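Here, residue 1 is the first one in the sequence, and each next residue gets the next number. What you see is a predicted model; the values in this text were computed from it and never measured.
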Amino acid sequence: MTCSVWLKMAAMGAGLAALQACSEMDRNVARADDFVVPVTVGETRVLTASQVANAMIKAGFTYDEIVELGPGLRNAVSTRGGAEVRRGKYIHALFSVQNDRLYVASRTAGTFVLALT
């Protein structure tokens with residue numbers, strides 16, 4: 001079945017299942033392997049860009065990953081108090097704010113605490 005047939009089914013009410021099938025059939029559709037998941041833990045806190053970058057550098061992220069994932073991490077901490085950053089199916093690092101401190105647990109850099117004051 002071609003992608004156009006799937007799209008016609010979606011128009012007739014088959015919905016997201018047809019679109020999912022199309023994306024799975026097309027090998028040119030990229031899937032994001034690195035992403036940020038907000039976690040409700042700790043205290044919400046708006047971090048500065050430099051606080052996020054410093055924590056991510058210490059946790060072992062590359063500069064490109066900081067540019068790509070940093071805004072999502074900052075948003076997650078400001079709205080939910082914590083975040084997990086995934087690389088593929090693995091959690092690369094966990095971030096949480098408690099008592100003016102950013103707690104970070106990283107697969108490559110271990111666990112550390114950064115003062116936010």
Side-chain angles (χ1 to χ4, degrees):
M1 195 175 286
T2 66
C3 212
S4 63
V5 172
W6 281 107
L7 290 175
K8 287 178 187 176
M9 289 174 62
M12 295 185 317
L16 294 176
L19 295 174
Q20 176 68 25
C22 284
S23 69
E24 288 177 2
M25 288 189 304
D26 187 357
R27 297 187 192 277
N28 294 321
V29 175
R31 185 176 76 83
D33 289 330
D34 296 349
F35 54 95
V36 177
V37 178
V39 178
T40 303
V41 64
E43 304 162 358
T44 58
R45 169 90 180 237
V46 177
L47 301 176
T48 66
S50 63
Q51 289 171 327
V52 172
N54 289 337
M56 291 182 78
I57 289 168
K58 193 167 180 177
F61 289 92
T62 66
Y63 291 108
D64 289 337
E65 289 172 323
I66 294 168
V67 169
E68 180 183 344
L69 302 170
L73 172 61
R74 186 176 186 213
N75 184 50
V77 171
S78 70
T79 59
R80 301 292 274 300
E84 61 184 41
V85 179
R86 294 181 165 270
R87 282 185 176 160
K89 63 181 180 176
Y90 299 104
I91 297 173
H92 178 71
L94 295 169
F95 296 82
S96 176
V97 174
Q98 294 282 340
N99 301 323
D100 291 328
R101 293 184 183 93
L102 178 63
Y103 291 84
V104 182
S106 167
R107 288 178 67 91
T108 57
T111 302
F112 57 92
V113 180
L114 296 175
L116 297 176
T117 55

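- In terms of heavy atoms, Val41 sits closest to Ser96 at CG1-OG, 3.9 Å.
- If you chain together hydrophobic residues whose side chains sit under 4.5 Å apart, Leu47 and Val36 fall into the same group.
- For the pair Asn54 (side chain) and Ser50 (backbone), a donor-acceptor distance under 3.5 Å is present.
- Under the 4.5 Å side-chain heavy-atom criterion for grouping Ile, Leu, Val, Met, Phe, Trp and Tyr, Ile91 is not connected to Leu69 through any hydrophobic cluster.
- Here ring pair (Phe, Tyr, Trp, His ring centres under 6.0 Å) pairs that include residues 66-86, with residues two or more places apart or in two chains, number zero.
- Using a distance-only test at 3.5 Å, with no hydrogens or angles considered, a donor-acceptor pair links the side chain of Arg86 to the main chain of Lys89.
- Linking Ile, Leu, Val, Met, Phe, Trp and Tyr whenever their side-chain heavy atoms come within less than 4.5 Å leaves Phe35 and Val39 in two separate clusters.
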Are Arg74 and Val46 close enough, and set up right, to give a side chain to side chain contact (heavy atoms under 4.5 Å, CB included), and what steps lead you there?
-> CA-CA 7 Å; Arg74 186 176 186 213; Val46 177; 4.0 Å; yes
Donor-acceptor pairs under 3.5 Å, side chain of residues 107-116 to any protein atom, not counting sequence neighbours: which ones?
residue	atom	partner	partner atom	Å
Thr108	OG1	Ala59	O	3.2
Thr108	OG1	Ser106	OG	3.4

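- Other residues sharing the hydrophobic cluster of Val67, ordered by chain and number and joined by side-chain separations under 4.5 Å: none, the residue standing alone.
- For residues 37-51, the salt bridge (charged side-chain N to carboxylate O under 4.0 Å, His left out) pairs, not counting sequence neighbours, are Arg45-Asp100.
- Applying the ring-ring contact (aromatic ring centres under 6.0 Å, His included) criterion to Phe61, with sequence neighbours excluded, gives His92.
- Val104 and Met56 end up in the same hydrophobic cluster when Ile, Leu, Val, Met, Phe, Trp and Tyr side chains are linked at under 4.5 Å.
- Not a single side chain to side chain donor-acceptor pair (under 3.5 Å) links Thr79 to another residue, sequence neighbours left out.
- The same ILVMFWY cluster, assembled from side-chain heavy atoms under 4.5 Å apart, contains both Tyr63 and Val85.
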